[in-house]
Every structure is written in C-alpha cells, then in structure tokens.
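Convention: sequence-line order gives letters A, B, ...; per-chain numbering from 1.
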2 protein chains.
Amino acid sequence: MNAPIPVHVLPTFEPRPVPAAMLEALRQHFGTRCSTALAVREQHGRDESPFDVPPPEAVVYAESTEDVAFIVKLADEHAVPVIPFGVGSSLEGHLLAVQGGVSIDLSRMNAIVRVNPEDLTVTVQPGVTRNQLNREIKDAGLFFPIDPGADASIGGMSATRASGTNAVRYGTMRDNVLALTVVTAKGEVIHTGTRARKSSAGYDLTRLFVGSEGTLGVMTEITLKLYPLPEAVSAAVCHFPDVGSAVKTTIQVIQMGVPIARCELLDTHAVRAVNAHDKLSLREAPMLLMEFHGSPASVAEQAATVQEIASEFGGEDFQWATTPEERTRLWTARHRAYFAGLQMKPGCRTVTTDTCVPISRLADCVTQALAEAEAAGIQHYLVGHVGDGNFHVAYLIDPNNDAERDTAERLNKTLVERALSMQGTCTGEHGIGLHKQGFLIDEAGAGAVAMMRTLKRALDPKNIMNPGKIFAL
Amino acid sequence: MNAPIPVHVLPTFEPRPVPAAMLEALRQHFGTRCSTALAVREQHGRDESPFDVPPPEAVVYAESTEDVAFIVKLADEHAVPVIPFGVGSSLEGHLLAVQGGVSIDLSRMNAIVRVNPEDLTVTVQPGVTRNQLNREIKDAGLFFPIDPGADASIGGMSATRASGTNAVRYGTMRDNVLALTVVTAKGEVIHTGTRARKSSAGYDLTRLFVGSEGTLGVMTEITLKLYPLPEAVSAAVCHFPDVGSAVKTTIQVIQMGVPIARCELLDTHAVRAVNAHDKLSLREAPMLLMEFHGSPASVAEQAATVQEIASEFGGEDFQWATTPEERTRLWTARHRAYFAGLQMKPGCRTVTTDTCVPISRLADCVTQALAEAEAAGIQHYLVGHVGDGNFHVAYLIDPNNDAERDTAERLNKTLVERALSMQGTCTGEHGIGLHKQGFLIDEAGAGAVAMMRTLKRALDPKNIMNPGKIFAL
C-alpha cells in the first residue's frame, strides 16, 4: 500500500460477523444497554470524515472499566472487532466499522473520578468532554488547556493525540496525559504512569496508548495535568494584507520565544464564513486571533512585543478583547469555523488537510497550498494553529461530484508531499485513521511502519482492537 | 521477582559468550577500534552505580550509524548481547554486561549533525554531551535546557529519559526529543518522528525508545527541541529554618503557576559538602537554589512572588546572583554535590534514591525520609529537583560493610513504598537498570510489566539489546 488511499475508495476488508452466541451474551449482560437498532448502529459507524458508513453490528453502552473488560473478553474469545466511541468527532474515519464488530460507547463513562487541585491533576473517565471538565474544575481555579475545537471526549482526544489552539503554549495530549487505566486486547486491566510529573520507570506505555487510535486497547481512566487559571488573559485580533505576512509574524513570535498561549490564523474565506455564521463583522482579510496568559504585566509585555512584530509585517487594526464575553465570542466563532465553512456550500462535505511543518517553512507551505487551491478553482478556506506550524485547508466538495473529490485529494496529496519534503508531518493532530495510511508510509518509512505493525501484533494478536486503522494488518 | 533486588546481590544471568567468529569479524572490520583490553572492557562495564563490574568481552568504537548496524547485525546472527555506551554516567547499573557481550562505545559519534536555529531544533549524534551541545549553539542565541548534572551524552540522556534541574519549566527528555534514527535489534535503520513540533502519525515510537535504556535498539541520531536563550536570567539562594519550610515554599510556587526555571533543594549536609568541596561559604542550613528565565520584567516579577512566598515560610538571606560568573559558580557547586558528597566519607560509595511524588505530598515524603535516615544513623545528604516533586537521598556507605549496605537498601525500600503510596514513582529520572526491577513491578503492576516484556520480545526476540535491564526476560 504505497499510494494514499483515495478518500472515496475505502480499502477492502473481510467482514468479521458477530456470532449469535456473543450477541446473546452481550444482551444477557447489558440488557437495553446493548442495541442493534439500525439508527443507533449508524450513528456509531460515522465520524466527521467524508466516508460512507459501514455500521457496527451492535452498540454497547459501557458504564465501568469492568463493563469494557467484559465486552473485550467476549470479543477476544470470538475474535470480533471492538471500536471505542466517545462523541464521534474524529475526522479520519477512526470510528468506521470496516470489519463490523461491536462499538463500545463510552459516553456514559463521564465521571470526574478525582480532582487533586493541590497537585494540578485530575482523573477522568474517557467519556468526559473537555468543556465538561473545564466547567467542573473552574471553581478550583484550574483549567485543562487542550482544545481541538470540537467538544471532544477526553478518551477520543487521548486516542488521537489531539492538540488544537492552546498547544503552542501547553503542548498536546502527548504532554498532558500522566497516567491511564487500559483494558488490553485480552480484556485485562492494566495501569500506566503515576500522578508524579515525571518518571523513568520502564517503557512509556502511556505514550504508546496516547495516539494509538483505539488499536491497542481501550482507555477507561485518564489522569491529566491541569493548570492554574491565568491571573490575566487577553485576546486580540490583527488583520494582515496577505496570509504570508500573518504567518511571518507568527514565525518571528515563536522564534523570539514569546510564550503566546494561542495563535490562530484564519484566511479571508474563513473570516467570511464565521462572519456569516456567527453574525460577526470582522474585517474580511487574513487574520491572526491570539491569546496571552500570565500576570497582568507579563500579558501586557507579550502583547506589546507581538504588536510590534505584527506592525513590521503590515498587521493593522490590532483589537483587544479583554472581557471574558468578548473573548468567548471570538473563540466560539473560531471553533465554529468548521460548521461555518460547511454552510458556504449547501450539501457539501469537507476534505480537511492537517499538515504540520517546522516553523521556518510555514509561510512557504501555507502560501503554496492556497495558490494551488485557487488555481484548481475549488472552494476552500484555511484555519491554522500556526504557532505550532500546523494548519488545515478545508476543501468543500459535493460528495456526489467525483471530479471535486479527486481535485481535493490531489491537492491534499501535493500538500502532504511538500510538508514531508520540509521534514514535517502529514497529520499534526487528526491522526491516520483510514485516510492517511499511505501518507504514514511516505512519512515514517516502511521500516518504522513495520515496527508499528509488530507492536500491534504483539499486543493484539487477534487484531480485534479497532482493526484497519493506522494500517491494515 | 516480587521483591526489590538488593543492591549488593546482582540477579544471576547466564553468560552468553562472544563466539570467536564474531570477534574475528569485528576485528577485521574495525581494526584497532575493536578492543578486548581488560582496562578498556572494565571502563565500559561500569557506571556510577554501586555494583561490581562484570565487563563486556569486547568494546567497539562506532563512528557511524552504519558501524552500529554492522555490529548489531553480527550480534543478531550470533545472539550476542550489545550494550550502548555514552560517557558512563548512569546510576542504576545500565551499562553492566550481566551476560557479557559487546559494548558499543558511541563517544566518537559526537557530531552536531544539523542546527536549525530558525526552527529551534538540532540533530545530534548520540555521543554529543549536553555541555558540548550548549557550547556549540550558544552563538546562535539558543540553549538545550535538559541538565541531569553530569555532562552526560545526549544518547544516554535519551535512553534513561533524563531530566534534572530545568525540567520544572522545560520538561524532560520525553518532551524534548522530536525524532530519532534507530538501529533495531535486527540491525535495520529506522526513523521515528519529524522536525515538526507535534504529530499524530501513528504510534509514538520516539517515546517508546526514549527511556528504554538500550533494551529495544540503539539511537544513532537524535533531533531535539531548542530554546532561545532567555533575555534575562537571575539566580537566587534562600535559606530556611528546616527542609519542610523550603519544600512548602516550592509547593506554593508550583501551585501558583510561577514559571520558575530551576528550583533545587539542598539540605544542610549537602550545603556543607559543597562548601567543603568548592570552597564556598554558604550558610549551612537548608537552601533553595532557584533560577528565573524571561524578560527582565517577568524575571523580576517571578522573583518577587517567590521571595514573598519564601518569607512566609521563614526563608531568609534571599541572595541574588545576577552575573553569569556568580550563577555558574553556584550551579557548578550544585552539580558537584555528588562528588562533594563522596568526599565526606573517604572510600565510600553512594546509594542514591530517586523518588518523585505529586507535589502536595513532597513535604511529607522528604521530611519522613530524612527523619528515617537520621534515626538509622547513616551518613547521608539530600538534593532535590523539588519543583518536579523529585528528590535524591544519597546514603554514603562503606562498600565492604554489609550492615551499611543493608541499612541503605532498607531506607530506600521504605522511601519507595511511601512514594508509591502517594501515587508517585520509584524513579523520576535515573531509570530502572538493575537496581529497581522489583520496584518497577510494585509501581506499575504485574500486568503493565508483562506488557513491557511483550514489547521487548516482539522487538528483540533474541534478547540481545542490553539484556537484563528494566526486567529479566
């Protein structure tokens, strides 16, 4: 499999039917918490990717680690696939039941198990969403910064190694998961990591599971780092004559080591979309949306430095949003860009790129990607976590128009090739799923992917944990 | 193996002799770069741990990835152990050739392969030491913060997931290694990670190798994050009436989110040792040695906050070291604490603990450990990266006195048990090596260690990569 899988042709997988005996055992144990209703199955065989839906054969609503272990033990016995499900916001086909099997819905495992404010840690069940978590810890003066836009589940965010708008300052899920409880492919329960901030105790199993897309086990408890709510927070928007100038501003901010908390780029199309969707009146020009965290003096100093850099690159209309309400309004608009974009072309689906490159190459990478999209005449917009070197071009395609799909795929492929030639990655935060399996080989090389397969076979010899994702065995 | 291995009894391993044919092939290929001289072998079968020395049968000085691949292919063919060697500063018996085999000396692979100042990354060979790296990037206005005290090699630091004095602000090797070139147990060369700051592309092989103590493969190129040299740096010492007050100050600094760069505790014994060794005249009382990085205003603000907290806990004599010379003098003294400690008891060896606990439990953990050492009447001192919750009690023992060894081991065991009961770890930064294999099982549980063994068997089926470390197969 050396070529990227085209978005509209799924790889072929042998179906692995759920035996009647297993279904019966699930029904006996879980009662109405086990569903085979088509509507329920279809909801669980779908994510935000542009793929069609092969639904799982059954959905089980787990409420405890023991529930998950029970399901996985049965799945192991019958060699049946299981697919963990959080809120369904993944983007690369992670949840699609390409070989059938059982979807384990973890949304009812949504308890905050334990907050330790004095240690800046929290332990949650995987179905807790990031907004829920932040609501529940706010009164303790704490927050969890990782913010992929969607109100994703912590389990899903861990499984895809998510990041988003705050990663430039606070890192990604890789950096913020301290410990896990995991149900292995044999249905056994293990614990990885501790609540200490660092450890050198053996292999980093925590990091092996973070980003493994459900293919090695099911996370049933997740311990996270928390942060004190900053004393001062300030957000600003700044408009630029072109996207390149906005990116060059970002590059210099990062190179100077300014501890900016968020640094988001929206191109003119994206600004237009959020204006229409959220009834805003932002100037329709490339825009940086930034946020600064710290003491009042430090925030003021950071902002002054950035403003100076921005003005060197033609940045204008530096506007502050210091009240929580204004900030919320701007960030809500940013987070809705995906849905705002969809509304620009009724009935469309989105093919979203996710390249991430070394910061010095970002301006080249972004401007070439946009020039190519313009030249191809495909409707698109761009948003980017540019402080990390990560950006998304969203191509809006008519799902019934093969030519548009092909154009989007071709542009994506060209963009990934460019990012790899710049020593970057095909996916900064969305994961491989079904869509990027060819790109993974281009990026990591056959040897590294062979090693990943070896690990998968060792930990999941029957290939029951979300099979067909990251790579086909 | 449920009990910790006592420090003075090595587990028993079957020797695995190097066949004459392999030795001949190494000599033919490497000439004088392959040595079987006893002095060379003994130097390579030793580290800073208190174990006796079973030396490897041969030492080969590798000068390239190809050299390493050549050696490992031969080792694979003959099922002979290989042990990567950097500068020999590890502390837990990592370098001991418990089954004989070949030591791969990587110290000549000490080239800075590529600095990308505009991306804040550098790629180095594994034999580059941290001081060498910092000297070579200083003129570009950059630094690499990870500082375990010893002038360790970057390869060794990666292999043990090292951290040290700057980790409270900049993280550990886990957080700062972006990409690797690795020679696998089959002698194949693979690449992990990219130069992008984040990625969701498949399993996190980089993090699997970081901290694997040479048991999964040999790292031959390492790409690291760099940081702009801070605009302002300020160091301060502050003395406290007792260790508990110093720790409580630290806890509050961390809980408030002050971005302190270094926060080191020395107890009275440690201060006395460095005074004697480095001809300093520090007040002989528990002391925090701190450093602040940032803009001049931010550094001043951080320091003022910390000074205020310290004074609440009885901290006195807040003294600044703002010139580079003064700072260097203080940090050099801190880094020499280990050797300073050894001089307090001529002919002694050190048994060093390495527990790390959630920050709120640190005061309890430290004060109980010290009370127990005092009660046992064993000579000791304490240094700690207390901002991380990590500290080291060094027990000074006469290597020929079994009673002292036993006392040190008993105290260490009690301390580890307490740290684990506080949801901490037996090793914050030194690794498992030979010494902590029992503790690893106590900490991670049999299930997680079984998974580590499964990974090891999958990637190194002949058990040739530094066998007997982390766990016995």
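- The candidate from B:Ala419, B:Ala444, B:Ser298, B:Ser295 with the greatest count of non-hydrogen atom pairs under 4.5 Å with chain A is B:Ser295.
- Of the listed residues A:Pro228, A:Pro358, A:Pro117, the one with more heavy-atom pairs under 4.5 angstrom with chain B than any other is A:Pro358.
- Contact between B:Leu459 and A:Met451 at its shortest, heavy atoms only, is CD2-CG, 3.7 Å.
- Across every non-hydrogen atom of B:Ala196 and A:Gly424, the tightest pair is CB-CA, 4.1 Å.
- When every heavy atom of A:Ile470 is checked against every heavy atom of B:Gly202, the shortest pair comes out as CG2-CA, 4.0 Å.
- For B:Leu120, the part sitting under 4.5 Å from any heavy atom of chain A is the side chain, from C-beta outward, and nothing else.
- Only the side chain of A:Thr172 comes within contact range of chain B, judged by heavy atoms closer than 4.5 Å.
- A distance-only check finds no donor-acceptor pair linking the side chain of B:Thr427 to the backbone of A:Ala201 [under 3.5 Å].
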Quiz item: When you look at B:Asp388 and A:Lys198, which way does the salt bridge (Lys or Arg N to Asp or Glu O under 4.0 Å) test go after all the steps?
Solution: CA-CA 7 Å; B:Asp388 293 321; A:Lys198 65 181 193 184; 3.2 Å; yes
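- Considering only heavy-atom pairs separated by less than 4.5 Å from chain A, the leading option among B:Cys356, B:Cys426, B:Ala450, B:Ala167 is B:Cys356.
- Ranked by heavy-atom pairs under 4.5 Å with chain A, the list B:Asn390, B:Val182, B:Thr223 is led by B:Asn390.
- Of the listed residues (B:Leu216, B:Val210, B:Leu420), the one with the most heavy-atom contacts under 4.5 Å to chain A is B:Leu216.
- For B:Ile432, the parts sitting under 4.5 Å from any heavy atom of chain A are the backbone and the side chain alike.
- The greatest number of non-hydrogen atom pairs below 4.5 Å with chain B, out of A:Gly294, A:Gly428, A:Gly257, is found for A:Gly428.
- Interface remark: of the candidates A:Thr215, A:Thr355, A:Leu178, A:Leu142, A:Thr215 forms the most heavy-atom pairs closer than 4.5 Å to chain B.
- Interface residue B:Thr454: backbone and side-chain heavy atoms are both found under 4.5 Å from chain A.
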Practice problem: Given ring pair (Phe, Tyr, Trp, His ring centres under 6.0 Å), test B:Phe471 with A:Tyr203 step by step and report yes or no. | Solution: CA-CA 11 Å; B:Phe471 39 69; A:Tyr203 301 159; 5.7 Å; yes
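- There is no contact between B:Met173 and chain A, counting heavy-atom distances below 4.5 Å.
- The candidate with the highest count of non-hydrogen atom pairs below 4.5 Å against chain B, out of A:Gly171, A:Ala446, A:Ser163, A:Ala162, is A:Ser163.
- B:Gln255 places a side-chain N or O within 3.5 Å of a backbone atom of A:Glu118 that can act as its donor or acceptor partner.
- Per-residue counts of heavy-atom pairs under 4.5 Å with chain A were compared for B:Gly431, B:Gly211, B:Ala179, B:Gly445; the largest is that of B:Gly431.
- With respect to A:Arg207 and B:Asp204, no salt bridge is recorded, no charged nitrogen being found less than 4.0 Å from a carboxylate O.
- Within the 4.5 angstrom heavy-atom criterion, no atom of B:Arg457 approaches chain A.
- For A:Thr184, the part lying under 4.5 angstrom from a heavy atom of chain B is the side chain only.
- Within the 4.5 angstrom heavy-atom criterion, atoms from both the backbone and the side chain of A:Lys456 approach chain B.
- Interface check for chain B: of the options A:Asp175, A:Leu455, A:Leu440, A:Val168, the most heavy-atom pairs under 4.5 Å are formed by A:Leu455.
- Interface summary for chain B: among A:Met422, A:Glu443, A:His191, A:Glu231, the most heavy-atom pairs under 4.5 angstrom belong to A:Glu443.
- Counting non-hydrogen atoms of other residues, nucleotides and ligands closer than 6.0 Å to NZ of A:Lys225 gives a total above 12.
- For the pair B:Asp119 and A:Ile359, the tightest heavy-atom approach, listed with the atom from each and the gap, is OD1-N, 3.3 Å.
- Contacts between A:His385 and chain B at a heavy-atom distance below 4.5 Å involve the side chain alone, from C-beta outward.
- Most heavy-atom pairs under 4.5 Å with chain A: of the set B:Ile254, B:Leu205, B:Asn116, this distinction falls to B:Leu205.
- Closest approach of A:Glu429 and B:Ser200 over heavy atoms only: CA-OG, 3.1 Å.
- At a cut-off of 3.5 Å, with distance as the only test, no side-chain donor of B:Thr194 or A:Gln423 sits close to an acceptor on the other residue.
- Between the B:Arg161 side chain and the A:Ser199 main chain, a donor and an acceptor come within less than 3.5 Å of each other.
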